[in-house]
Amino acid sequence: MKPIFLKPHRLISKARLKAGFVRVASSSDGIVDIAAAAELGLIERDGLVSLIPPETQARARRLLQANVLWPINVKKSTLNGSNQKSIQRRLIAQALHNVIGPIYSQEQIKKGFSLTTVLNRGKFALWVKKEIQIESSSLNIELTRKGYLDIVGLVRSKQWWERSLQ
């Protein structure tokens with residue numbers, strides 16, 4: 001009996017791996033990855049694996065020449081079955097409307113900026129990124145008061161904050 005691997009495996013490009021990047025190969029999909037694992041003997045070829053079409057098995061053999069099978073970590077889910085980052089994105093979407101947006105616009109208008117400048121996505125992203133990382137900022141105090149404690153002190157890039165506005 002062959003060992004059972006609890007971690008799923010994905011095809012990773014050997015060329016990208018040599019450059020120091022662990023990126024899933026462009027031809028990788030779940031079925032081809034399973035066929036490749038069966039081809040290498042990491043999993044048994046019986047049960048559902050035996051139903052993989054011969055064309056897919058041949059494709060897996062061909063892909064193994066330029067790719068390597070790599071174990072990946074499965075995302076840890078929270079108790080309610082949702083990923084922590086998706087919970088944070090939902091909270092951010094709510095907080096943008098209820099807390100972050102109003103505080104940002106009030107502060108920028110107090111400083112005398114025009115509406116065009118206030119609505120600049122890059123300027124907003126820089127402001128939020130800076131303010132949310134300062135523990136004693138008025139933004140974090142208000143987020144805590146309104147029940148958004150999970151996103152207080154959130155460390156994200158400027159680009160991430162820009163995308164959160166979409």
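Here the structure is a predicted model, which means the values were calculated and not measured. All heavy atoms count here, side chains included; hydrogens, waters and symmetry mates do not.
Annotation: cation-pi geometry not satisfied between K158 and F124 (NZ/CZ under 6.0 angstrom from ring centroid, within 45° of ring axis). Figure legend: cation-pi geometry between R156 and W160, with NZ or CZ positioned under 6.0 Å from the six-membered ring centre and within 45° of its axis.
Looking at L143 and I132, their side chains come closer than 4.5 Å, going by heavy atoms from C-beta outward. For the pair Q94 and L91, the minimum side-chain heavy-atom distance is below 4.5 Å. Within the 4.5 Å cutoff, side-chain heavy atoms of R10 are placed close to those of D33. Residues W127 and I100 form a side-chain contact, since some pair of their non-hydrogen atoms from C-beta on lies under 4.5 Å apart. Proximity of L69 to I12: side-chain heavy atoms (C-beta onward) are nowhere separated by under 4.5 Å. Within the 4.5 Å cutoff, no side-chain heavy atoms of V49 are placed close to those of E44. Looking only at side-chain heavy atoms (C-beta outward), S164 and L96 come within less than 4.5 Å of each other. Side-chain contact between Y148 and N98 is present, with at least one heavy-atom pair separated by less than 4.5 Å.
Atom CH2 of W161 has more than 12 neighbouring heavy atoms from other residues, nucleotides or ligands inside a 6.0 Å radius.
Of the inter-residue distances, the one linking E131 atom CD with N140 atom CG reads 8.0 Å to the nearest 0.5 angstrom. For the atom pair E162 CD and K129 NZ, the distance stands at 11.5 Å (nearest 0.5 Å). Atoms CG and CZ, on D150 and R90 in that order, are 11.0 Å from each other to the nearest 0.5 Å. Note that the CD1 atom of I43 and the NE2 atom of H9 stand 9.5 Å from one another [nearest 0.5 Å].
For residues 53-68, the pairs satisfying side-chain hydrogen bond (donor to acceptor under 3.5 Å, both in side chains) are E39-R61, with sequence neighbours left out. Screening residues 97-108 for salt bridge (Lys or Arg N to Asp or Glu O under 4.0 Å), with sequence neighbours left out, gives no hits.
Residues L139 and L165 fall within the same hydrophobic cluster, defined by Ile, Leu, Val, Met, Phe, Trp and Tyr side chains chained together at heavy-atom separations under 4.5 Å. Clustering ILVMFWY residues whenever any of their side-chain heavy atoms sit less than 4.5 angstrom apart, transitively, puts L40 in the very cluster that holds L11. A continuous path of ILVMFWY side-chain contacts below 4.5 Å connects V99 to L149, so both sit in one hydrophobic cluster.
Across all non-hydrogen atoms, the minimal contact from A95 to I151 is CB-CD1, 3.7 Å. Between A60 and A36, the closest heavy-atom pair is CB-N, 3.6 Å.
A distance-only check finds no donor-acceptor pair linking the side chain of T117 to the backbone of F113 [under 3.5 Å].
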